Structures are given as structure tokens and as C-alpha cells.
Amino acid sequence: MPELPEVETVRRGLAPVMEGKVIARVTVNRPDLRFPLPERMAERLTGARVMQLRRRAKYILCDLSSGETLLIHLGMSGRMLLSGAGIGRFHHAPPLPGRHDHVVIEMEGGARVTFNDARRFGAMDLAATAGVEDHWLLRRLGPEPLGNAFDERYLAGRLKARASAVKTALLDQTLVAGLGNIYVCESLFRAGIDPRRPAARIAAARLGALVPVIRDVLAEAIEAGGSSLRDHRRADGELGYFQHRFQVYDREGAPCPRPGCGGTVRRIVQAGRSTFFCPRCQR
DNA sequence: ATGTGTTCCTGTCCGC
DNA sequence: TGCGGACAGGAACACA
């Protein structure tokens, strides 16, 4: 799915068309995504003003004037597409609902936000804004990797008892929330850490170096508008371009990009997911 | 309590 | 071209 940088990019794309605006109409084209959609979702959204769009890990949180918050998760293939009045130049003709257009939110003024998700691993829910951080989907999430709580001390403390490989540990959203397969692979490459290394057996100094590496990779990816693989798009329909900066992800067989290394990028499977790394310079 | 494997679903790509 | 299998940015769940 969209990982943290892609979700943040989508949030930034949606903010100008949703924040401060009233939801005029909601069309629900199927009753469920990964989970059933919330009861009476269309009615509860209609007429509410969007106060603020926030992000927590890979969730977009849409705070409403009704006192409720709409939680949105894009799963693997979810997209938020913008169309309608004021979006682009050639949208006079509306809306045959496209394949996998599951929820359409129309804002006052005519902008349309369409949640499209072929695989339907995405999710939406509505909950009271007060205490939304205790929502069952959010309450076990670890710290934001770009936040102050994520530092060397924290990371060392959480990893010291883990028998699993560091790659697998970093994908655990209860440890740190927002990383996914791409950015874990890229971060471990930059930090020179072997993804197979047991998490508990990484020297403190190397963990200390890993923290800013993760922050840098995420910040660069956000700056680039995320990565556009397969069907992922920014909300404005533009493509992100961080995929051109991948050093190992999806580059099996390519020469290691580290100058002078001479190794070859390898693909292995860990906990059922592909890992890309250079066995020569990641130790 | 951690660890891994399975599962949800559709689309695409690659080899025969 | 058609068909089968592998694989895809996630993560809840069941089980060792």
C-alpha cells in the first residue's frame, strides 16, 4: 500500500478541497471494504463540515464538525481521486462511477473525492473525535517515525527482546507506525544493516544511525510526492517520483548503487514479504 | 508473549 | 492469445 509518504501526499492533496468545506453528498456503492462500512455512513457525513485532515501512521483522519472523525486506510491499492468543479480543466462531464469506485464524497462547490480500491484491503470507519486515538485500529500503533518519541533509546528498548530479523521488526506497526516494505528496505540499505540480522543484535550506535536515516528517507519521499508504483496516484492525479530514487527496492539483480561496492541487489522473502538488499555492503 | 503463515481481493506480468 | 502461477505498497487473525 501506500506507506506513510504516500498517505501524507494524499492528505496534502485532499486538504485544499476538503478542509473548511461542507460535505454535500455521499454515495456508497458497496457495503464493505476490508470491513463493513460504518452504519449510516452517508447520513452521518452529509452536512458535516470538514474541520481538519490529519494523518496517523497510514491512516487519514478527517475531523468533522459533527464531533465524529472519519478514519481512512488505503490498504494496498486504495486511491483517493479528485474530480469535479475546480479540479483540472475538463471535468464538465461527470461521473460514470468507475470500476472499484466504492465511496464518492461530494463537497459543497462541486469537488468530488472518490475512494477507489481494487483489492479492497482498505478501510473506513467513523468514531467520536474525542478519544479517536483509542479506536481499535489506532490504539496499538507505535510512535510516528518522524516524531520525537522515535529515537535511539526507544528503538533499542523495543528491539532488545526481539528474536525476529530487523526487517520484520520494522514492519511491525506497533513498534513504529507508518513504515512499509519499500521504506524499510531503503532505510536498511542506507544504514548498511543486513535485513536478516536479528533485531536484538544491532549495536546501539548503528541503531542511533538508523533513526535519522529512516527520517531522511521518509522526508525525501514526502518531498517527492511519494512513490508511484502500479496504480498508486496522488490525490491530484499526478505521479509521485520517489520510485526513481529506489536504491534496492524492486531492483533484484541490479548492481549495488553504492560506489565501489560491486555487489548485486538480492531479493529474499522474510515473513512472506520480499526484501531487497545488498549482501555485500549490508552487514 | 512473540513468532510465522494464512487470508482477504483484484490486477498484471511472465513463461509455456 | 490463452492459461496458470507468482507477485503486489497491508495487517488482522489463528495458531505454534
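Every chain is numbered from 1, with letters handed out A, B, ... down the list of sequences. The basis for the numbers below is simple: all heavy atoms, side chains too, and nothing from hydrogens, waters or symmetry mates. Source: prediction; values computed, not measured.
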Subject >> Atom pair distance, as rounded to whole Å: CG in A:Asp117 and C1' in C:dG10 >> reply: 11 Å
Subject >> P-based separation of B:dG11 from C:dT1 [nearest Å] >> reply: 22 Å
Original post:
So, do A:Tyr183 and A:Phe242 have ring centers that fall under 6.0 Å from each other?
Top reply: yes
I'd like a list of close polar pairs between nucleotides 12-16 of chain C and the protein, N/O only, cut-off under 3.5 Å.
| residue | atom | partner | partner atom | Å |
| --- | --- | --- | --- | --- |
| C:dA12 | O4' | A:Arg34 | NH2 | 3.2 |

Original post:
Taking atom C1' of C:dA8 as reference, at what distance in whole Å does atom CZ of A:Phe276 sit?
Top reply: 10 Å
**OP:** Determine, for A:Arg55 against A:Glu144, whether the closest basic-nitrogen to carboxylate-oxygen distance falls under 4.0 angstrom.
**Re:** yes
**OP:** Return the value, rounded to whole Å, for the distance between atom OH of A:Tyr183 and atom C1' of C:dA8.
**Re:** 15 Å
Original post:
CZ of A:Arg273 versus C1' of C:dA6: gap in Å, rounded?
Top reply: 15 Å
**OP:** Rounded to whole angstrom, note down the P distance from B:dT6 over to C:dA6.
**Re:** 13 Å
Subject >> Length of the CZ-C1' vector between A:Arg79 and C:dG10, whole Å >> reply: 17 Å
Subject >> Those residues of residues 161-176 of chain A lying under 4.0 Å from DNA chain B by at least one heavy atom >> reply: A:Arg162, A:Ala163, A:Ser164, A:Thr168
**OP:** Can you see which heavy atom on A:Pro143 is nearest to which on A:Leu175, and at what distance?
**Re:** CD-O, 3.3 Å
Original post:
In B/S/- notation, 5' to 3', how is nucleotides 10-15 of chain B contacted by protein heavy atoms closer than 4.0 Å?
Top reply: BS----
Original post:
Can you tell me if the side-chain N/O atoms of A:His73 get under 4.0 Å from OP1 or OP2 in C:dA11?
Top reply: yes
Original post:
P atom, B:dC9 versus C:dC3: distance in rounded Å?
Top reply: 23 Å
Subject >> Selection: residues 186-203 of chain A, any non-hydrogen atom under 4.0 Å of DNA chain B >> reply: none
Subject >> Pairing stems for DNA chain C [at least three consecutive pairs; Watson-Crick or G-U; under 3.5 angstrom] >> reply: B:2-8 with C:10-16, B:10-16 with C:2-8
**OP:** Verify side chain to side chain donor-acceptor pair (under 3.5 Å) between A:Arg140 and A:Thr174, making sure each step is shown before the conclusion.
**Re:** CA-CA 6 Å; A:Arg140 288 163 41 207; A:Thr174 72; over 6 Å; no
**OP:** Grab the CD1-P distance between A:Ile72 and C:dA11 for me, whole Å please.
**Re:** 15 Å
**OP:** Figure out the CZ/P separation between A:Phe121 and C:dG10, and round it to whole Å.
**Re:** 11 Å
**OP:** Could you pull out the closest heavy-atom pair between A:Leu64 and A:Met51, with the gap in Å?
**Re:** C-CG, 3.7 Å
Subject >> Heavy-atom closest contact (A:Val17 atom, A:Met107 atom, distance) >> reply: O-CG, 3.7 Å
Subject >> All pairs passing ring pair (Phe, Tyr, Trp, His ring centres under 6.0 Å) where residues 115-141 of chain A contributes a residue, at least two apart >> reply: A:Phe35-A:Trp136
